[in-house]
Trainee: 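Here you go, one structure.
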Amino acid sequence: MPELPEVETIARGVNKRVRGDRIVHVWFASHRNLFKTPAERQSTGLEGRTFVSVHRTGKHIVCELAALPHGKRNRRTTVQPDAQWIVHLGMTGRLLVTTPDAPLAAHTHARLELESGKEVRFVDPRRFGKLDYRDLKDDEKFNAAGAEPLAIERDEFAALFRGRRLAIKAALLNQSLLSGVGNIYADESLYRAGIRPKRMAGRLTRAELERLRASLKTVLEQAISLGGSSVSDYVDAEGMRGFFQLEHCVYLRTGEPCRRCKTPIRRIILAGRGTHFCPQCQR
DNA sequence: CATTTCACCTGGTGGC
DNA sequence: TGCCACCAGGTGAAAT
């Protein structure tokens, strides 16, 4: 479900609500492929640790944790984290901070009870999501494979696609090149840059690549400011929907008129994914 | 190596 | 109402 703007929105919301709070009890459902690190190791590591901060890297939510002496709530960032809990939401995952009495949603696979009484809940009907845990004295700190689309500059961006013989949309979706771009924002950024999704990545001109980099950054920033895109069921950490779906120009607008030229939006399959574009505005 | 296809899951929608 | 095909925000392993 969630791409960079949705994950960023959720991470900010969770951060605001759990920072400084201690995990007192953890419950996990027994779905084997949900856990990158075994569930027992995760719950042992999580219980007793305090949330130092929560942030986004690519499409991952990274919770920085520390084992602090009891009774010492600390909402400052000066505490050195000694562990990380990493949540990937897959296609339909939600990470919610609730009160303990909030009704338990179907497909709730993780519950973290906090000292304050709040709960962090991971809900994911399709179970494409993943939970990972790192103890920083044994494991490497989590790092996204690809570059950060909001920070990457012109030359580095252009270098990602040089010599690549695949469609530019497929390249945008490749998380080891850029991390955080998914199906919605790949289509929307290509539309805004006036580039057809099928164009071979390595054949784009310098000017087109720069237009794409700028469009991608702008569309991601606008989406973050509107709380992400709620196409069917995405909600943030408080259960609130986003509003960027109202700004979509092509995604899920098959047959509807292009906002710029009125030509019907076309849908094709590319890289196994539904792909939407304006045949007039995108060349 | 780079690129493509498929499996992993559940649920919603629309046609008959 | 039921059944079926198709669609959906993602990714990593296997095949080419």
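Since the model is a prediction, treat every value here as computed from it, not as a measurement. Chain naming here is simple, since letters A, B, ... match the order of the sequence lines and numbering starts at 1 in each.
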Trainee: On the six-membered ring of A:Tyr191, is A:Arg260 placed so that its NZ or CZ lies under 6.0 angstrom from the centre and within 45° of the ring axis?
Mentor: yes

Trainee: Expressed as a whole number of angstroms, how long is the span from A:Leu178:CG to C:dG10:P?
Mentor: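 Rounding to the nearest Å, CG of A:Leu178 and P of C:dG10 are 14 Å apart.
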
Trainee: So, is A:Arg267 near the phosphate of C:dA8, with a side-chain N or O under 4.0 Å from OP1 or OP2?
Mentor: yes

Trainee: Pull out every residue in residues 157-177 of chain A that has a heavy atom closer than 4.0 Å to any atom of DNA chain B, ordered by number, or say none.
Mentor: A:Arg164, A:Arg165, A:Leu166

Trainee: Send over the distance from A:Phe35 CZ to B:dC9 P, rounded to a whole Å.
Mentor: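 Between P of B:dC9 and CZ of A:Phe35: 14 Å.
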
Trainee: Measure from CZ on A:Phe128 to C1' on C:dG10 and round the result to the nearest Å.
Mentor: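 After rounding, the reported distance stands at 8 Å.
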
Trainee: Among A:Val235, A:Asp236, A:Val14, exactly one meets side chain to side chain contact (heavy atoms under 4.5 Å, CB included) together with A:Leu95. Which residue is that?
Mentor: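 Answer to the side chain to side chain contact (heavy atoms under 4.5 Å, CB included) test with A:Leu95 among A:Val235, A:Asp236, A:Val14: A:Val14.
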
Trainee: Sticking with atom P, work out how far C:dC3 lies from B:dC9, rounded to a whole angstrom.
Mentor: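 C:dC3 and B:dC9 have their P atoms separated by 24 Å.
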
Trainee: Is A:His88 near enough to C:dT11 that one of its side-chain N or O atoms lies under 4.0 angstrom from OP1 or OP2?
Mentor: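 Looking at the OP1 and OP2 atoms of C:dT11, one of them is under 4.0 Å from a side-chain N or O of A:His88.
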
Trainee: My understanding is that a pair needs two contacts under 3.5 Å, Watson-Crick or G-U wobble. By that rule, which nucleotide pairs with C:dG9?
Mentor: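 Pairing partner, where one exists within any strand: none, as none qualifies.
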
Trainee: Just checking A:Arg32: does its CZ atom have more than 12 heavy atoms from other residues, nucleotides or ligands closer to it than 6.0 angstrom?
Mentor: no

Trainee: Can you see if the side chain of A:His31 gets near the phosphate of B:dC9 - specifically, an N or O under 4.0 Å from OP1 or OP2?
Mentor: no

Trainee: Ignoring hydrogens and geometry beyond distance, is the side chain of A:Arg127 in donor-acceptor contact with the base of B:dC9 at under 3.5 Å?
Mentor: no

Trainee: Taking atom types as modelled, find out whether A:Lys130 and A:Asn33 have a side-chain donor-acceptor pair closer than 3.5 angstrom.
Mentor: no

Trainee: Answer yes or no: does a side-chain N or O of A:Lys130 lie under 4.0 Å from OP1 or OP2 of C:dG12?
Mentor: no

Trainee: Looking only at side-chain N and O atoms, does A:Asn33 come under 4.0 Å of OP1 or OP2 in C:dG12?
Mentor: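 Answer no for this pair, as no side-chain N or O of A:Asn33 is under 4.0 Å from OP1 or OP2.
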
Trainee: By the definition side chain to side chain contact (heavy atoms under 4.5 Å, CB included), identify the one residue from A:Glu113, A:Arg121, A:Arg111, A:Glu119 that meets it with A:Trp27.
Mentor: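 Single pass found, and it is A:Arg111.
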
Trainee: Ignoring backbone atoms, establish whether A:Arg94 has a side-chain N or O less than 4.0 Å from OP1 or OP2 of C:dG9.
Mentor: no

Trainee: Which one, B:dG11, B:dC9, C:dG9, comes nearest to the side chain of A:Glu3?
Mentor: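 Closest of the options to the side chain of A:Glu3: C:dG9.
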
Trainee: Could you let me know what B:dT3 is paired to, Watson-Crick or G-U wobble, both distances under 3.5 Å, or none if it's on its own?
Mentor: C:dA15

Trainee: Report yes if at least one side-chain N or O of A:Lys59 is closer than 4.0 Å to OP1 or OP2 of C:dG10; otherwise report no.
Mentor: yes

Trainee: What integer distance in Å separates A:Asn183:CG from C:dT11:P?
Mentor: 11 Å

Trainee: Can a side-chain donor-acceptor contact be found between A:Tyr234 and A:Glu3 if the only test is distance below 3.5 angstrom?
Mentor: no

Trainee: Between A:Tyr185 and C:dG9, is there a contact of a side-chain N or O with OP1 or OP2 at under 4.0 Å?
Mentor: no

Trainee: For the pair made of CE in A:Met200 and P in B:dA2, what is the distance, rounded to whole Å?
Mentor: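 Roughly 15 Å, once rounded to whole Å.
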
Trainee: Is it the case that A:His109 and A:Asp124 place a side-chain donor and acceptor less than 3.5 Å from each other?
Mentor: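 A:His109 vs A:Asp124: no donor-acceptor pair found between side chains.
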
Trainee: Under 4.0 angstrom, heavy atoms only, what part of the nucleic acid is A:Gly182 near: base, sugar-phosphate, or nothing?
Mentor: sugar-phosphate

Trainee: Given atom CD1 of A:Ile10 and atom C1' of C:dG10, what is their separation to the nearest angstrom?
Mentor: 14 Å

Trainee: Measure CZ/A:Arg126 against P/C:dA8 and give the value in whole Å, please.
Mentor: 10 Å

Trainee: Have a look at A:Leu177 and tell me which of A:Leu173, A:Val181, A:Asn174 forms a side chain to side chain contact (heavy atoms under 4.5 Å, CB included) with it.
Mentor: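 That would be A:Asn174.
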
Trainee: Using atom P of each nucleotide, how far apart are B:dC6 and C:dC6 to the nearest Å?
Mentor: 14 Å

Trainee: With a non-hydrogen cut-off below 4.0 angstrom, is A:Ser230 in contact with a base, only sugar-phosphate, or nothing?
Mentor: base

Trainee: Any side-chain heavy atom of A:Leu190 within less than 4.5 Å of one from A:Thr275?
Mentor: no

Trainee: Rounding to a whole Å, what distance do you find between A:Leu252:CG and B:dT13:P?
Mentor: 13 Å

